[in-house]
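First the structure, in the form of structure tokens, and then the observations on it.
Throughout, a chain's letter reflects where its sequence line sits, starting with A, and its residues are numbered from 1.
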Amino acid sequence: MSIFDTPQLQAFRAEVRAFLKEHLTDELVQATRGGLHLAPSLMAQWQGILNSRGWGAPHWPAEAGGPGWNALQRYIFEEESAFADTPPGDVLGLYLAGPMIIAEGSEAQKQRYLPKILSGEELWCQGFSEPGAGSDLASVKTTAVRDGDEWVINGQKTWLSSGHYADLMFCLARTDTQGKPQEGLTQFIIGMDLPGITLQPIWTMDEGHSVNAVFFDNVRVPLENVIGEINRGWTYAKDLLARERVNNAQAPRTKRDIIELNRLAQTLQDDEGEPLSNSPFVRRRLASLTMDFIALESAVLQVLALQMRGEEPGPVASTLKIRGSELQQRVTETAMSLLGQAGVVLSPEYGGGLLASEGNGWIERHLFRRVVTIYAGSNEIQKTIIAKSILGM
Amino acid sequence: MAMSHDEMNLLLTSAERWFRDSNPLTDRVMNFRKGNLQSSDSWDKLAEMGWLALPLTEDDGGFEAGYAKCFELIRIAGEHARPEALDMYLMFAPIISKAYPRYTEALMTGEMRLGIADFAKSVTITVDSQGEQGTVSGSSGPVVGAHDATHYIVFGRDAEDVLQAALVVADSEGLERQDGRFLDKRSTVLLSLDDTPGLILDEEHTNHTAQGLLDLAAAALVADAVGVFETSFKVTLDYLKQRIQFGRPLSQLQAVQHKMAEIFCDVKQLTAIAERLGQEMDASPTGPWPVLSVAKAFVGRRALRGLGQLIQLSGGIGVTEEYQITHFYRRMHVAASLFGTAEAQLERINVLDTLRST
């Protein structure tokens, strides 16, 4: 029996399904299916709908505006949302900035920022990585120098997902050059419309524009925009990245992708006109992905069970990030393999295969997903965390 | 006159220089939205430098270089992700020249440029009673070398379900083109053919079966993949040696070293297998080539995976359009997916026959 097979959880699942059926429009579903980088207005639209039902941030505590769900309810909600093709939320606001402000922010910051994350009125980006500080995040060189009632920020950040439409950034900047590199960092909230901010698009392999570089030239930020304590930014960043690792397993969306992949195998035909899904070789590949998905989901459910008991998974969450991101890549690699010739022939304009419309979406996803084993702490960094923090090596 | 070893080396050196300096990858990368385009005088230059004579017979004024030497030139073109379909030319020009000598001069001067369509099951080729003229109907697979081809080689089946190949003129009646592009931004077209006249490229004219001709295209992609893989490895190695994280170059981290060493094994194996394929093809120019399927499958499995790992080792920069490795990854996908995917090639391998014949 599944741990989800209780009357309460079944009723909850039915409630979620009914809500999605009633409120999720075709336009939102098609837009979600149609491209990797959803228009911010559509993200905000769906976020507003969820928020009006009190479901804007499933993982936030009730006192911060969350629905008060337990870990299993959250998983059910994510799973049903993935199956229904709901637009993804603003991950950076909902999963990173919001929880950091809830944990470390002032009361004024909570009042000012959390409601607009919940409603989708303000979108966030993350200013952590720099050209010289990728995996080695503690090498951040962007500086924040206090000048009266303000901090003056100078430097450069890179890999800002959604930076070109975000309203706000949470940013790691150096406020002290003494001591260990990790000790002199502080988290700031920076309005993206402030004078001195210059954005530069970074085009990624999928030919999409979702990430950016940003340059700070004497950007002046009020004192109250510091999150938590000065020089404690590294600790907050580590906590934040640990939270992100569980989310990065992306189990519900991967389950949806494998189901879609199975459909692709049933649709595409071999030279004899037989569905590819009839091939024992293809069936074994799909079964192997299913095996690895169930292993991933089981590990995710273990973590959820821990969270149900009020415990945090700690560094073991790195295993979820590693296996989850690897599986996401293997799913699209399999799709490309099934598409074969059709997977490398595109229409002249961006978006979509020319030979097989079934390839639409898979090709871009395949290219973009090279990044999932790199971002949010590369898988090599996750392995170091496991070796050091769990194995004591 | 056959080409000496020194002459071949000179040619390769000049090719390296021209590929690097003329319409270089760095410029094409900066204009990626326009596509991976060749310059208008590319083929004139290739002819001027004598490279188009490389595979043609001495009697025709060529160098009769053989497959292994042609592979060397294709490899260097792959290292620079060249947009010209020189690889297909080097494999198919001698075939066309032998079957229909009247085209030899035009091939050597670059006036006749070949686009090779991947096999499509929808194409029907009808052969006339003399076995020379035919007609082609149906929708072709994607064409490599589509940008300015004057002629296409198209593969399909005849009424008896036998695989056939035909040469059709690009502006023939009943031929329509749908523009597209490959994943690596080289241009391609899909051909719609409606009783389009064509010259039959059968075994009698070419010494190759139609499958043998498809294998020539696959072999060209193997040679291209060698250059793509080798240069991607070198670019990544250079990056890892200069990228400082945690106070030292990434190349000094043991985990990174081991991963690079693993990929290096694949690079060396692909290089070796391609060299062996070239030797096998020179020793038996009309086939069969048991190593061909193995080599092409290796590209689709090991080399493609290795390139994915090189992106991983490059970090964030590895997934951006401005960095070369992105383009090499996409080009490796094209090499892996056209003219027989890894799965299709593995299916062709008869274990005992392959082991005993090599």
**Prompt:** Are any non-hydrogen side-chain atoms of A:M205 and B:H327 less than 4.5 angstrom apart?
**Reply:** no
**Asked** Taking C-beta and beyond as the side chain, do A:W203 and B:T326 meet within less than 4.5 Å on heavy atoms?
**Response** no
**Prompt:** Using a heavy-atom distance cut-off of less than 4.5 Å, which residues of residues 117-125 of chain B contact chain A?
**Reply:** B:D118, B:F119, B:K121
**Asked** So which of A:H366, A:E333, A:Q329 has the largest heavy-atom pair count under 4.5 angstrom toward chain B?
**Response** A:H366
**Request:** Anything in residues 334-343 of chain A with a heavy-atom distance to chain B below 4.5 Å? Please list those residues in order.
**Result:** A:M336, A:S337, A:G340, A:Q341, A:G343
**Heavy-atom neighbours of A:R323 CZ exceed 12 at 6.0 Å** = no
**Request:** Compare all side-chain heavy atoms of A:E207 with those of B:K185 and state whether any distance is below 4.5 angstrom.
**Result:** yes
**Prompt:** Using non-hydrogen atoms only, which part of B:T320 is less than 4.5 Å away from chain A: side chain, backbone, both, or neither?
**Reply:** both
**Request:** Mind ranking B:Y329, B:Y323, B:F246, B:F339 by heavy-atom pairs under 4.5 Å with chain A and telling me who comes out on top?
**Result:** B:F246
**Request:** Evaluate the side-chain proximity of A:L346 to B:F182: yes if any heavy-atom separation is below 4.5 Å, no if none is.
**Result:** no
**Asked** Which atoms of B:I311 come close to chain A, meaning under 4.5 Å heavy atom to heavy atom: side chain ones, backbone ones, both, or neither?
**Response** both
**Item:** Beyond-backbone contact of A:L367 with B:L183, side-chain heavy atoms, under 4.5 angstrom
**Value:** yes
**Request:** Assess the side chains of A:T373 and B:Q312: does a donor N or O sit below 3.5 Å from an acceptor N or O?
**Result:** yes
**Contact listing (chain A partner; residues 301-310 of chain B; heavy atom under 4.5 Å)** = B:R301, B:G308
**Contacting region of A:F368 [heavy-atom separation from chain B under 4.5 Å]** = neither
**Message:** What part of B:E343 gets within 4.5 angstrom of chain A, counting heavy atoms only: side chain, backbone, both, or neither?
**Reply:** side chain
**Asked** What part of A:R369 lies closer than 4.5 angstrom to a heavy atom of chain B: side chain, backbone, both or neither?
**Response** neither
**Request:** Please list all pairs passing the side chain to side chain donor-acceptor pair (under 3.5 Å) test where one or both residues lie in residues 246-264 of chain B, with sequence neighbours left out.
**Result:** A:E380-B:K259
**Fill in**
Most contact-rich option vs chain B, by heavy-atom pairs under 4.5 angstrom, among A:I202, A:T384, A:T158, A:V344, is A:V344
**Prompt:** Where does A:P131 contact chain B at under 4.5 Å (heavy atoms): side chain, backbone, both or neither?
**Reply:** backbone
**Request:** Taking all non-hydrogen atoms of both residues into account, name the closest pair between B:G315 and A:I374 and its distance.
**Result:** O-CD1, 3.5 Å
**Message:** To the nearest 0.5 Å, what is the distance between CG on A:D271 and CZ on B:R157?
**Reply:** 7.0 Å
**Prompt:** Of the backbone (N, CA, C, O) and the side chain (C-beta and beyond), which part of B:S337 lies under 4.5 Å from a heavy atom of chain A, both, or neither?
**Reply:** both
**Item:** OG-CZ distance between A:S135 and B:R243, expressed to the nearest 0.5 angstrom
**Value:** 7.5 Å
**Asked** Counting only N and O atoms by type, is there a donor-acceptor contact under 3.5 Å from the side chain of B:R181 to the main-chain atoms of A:S347?
**Response** yes
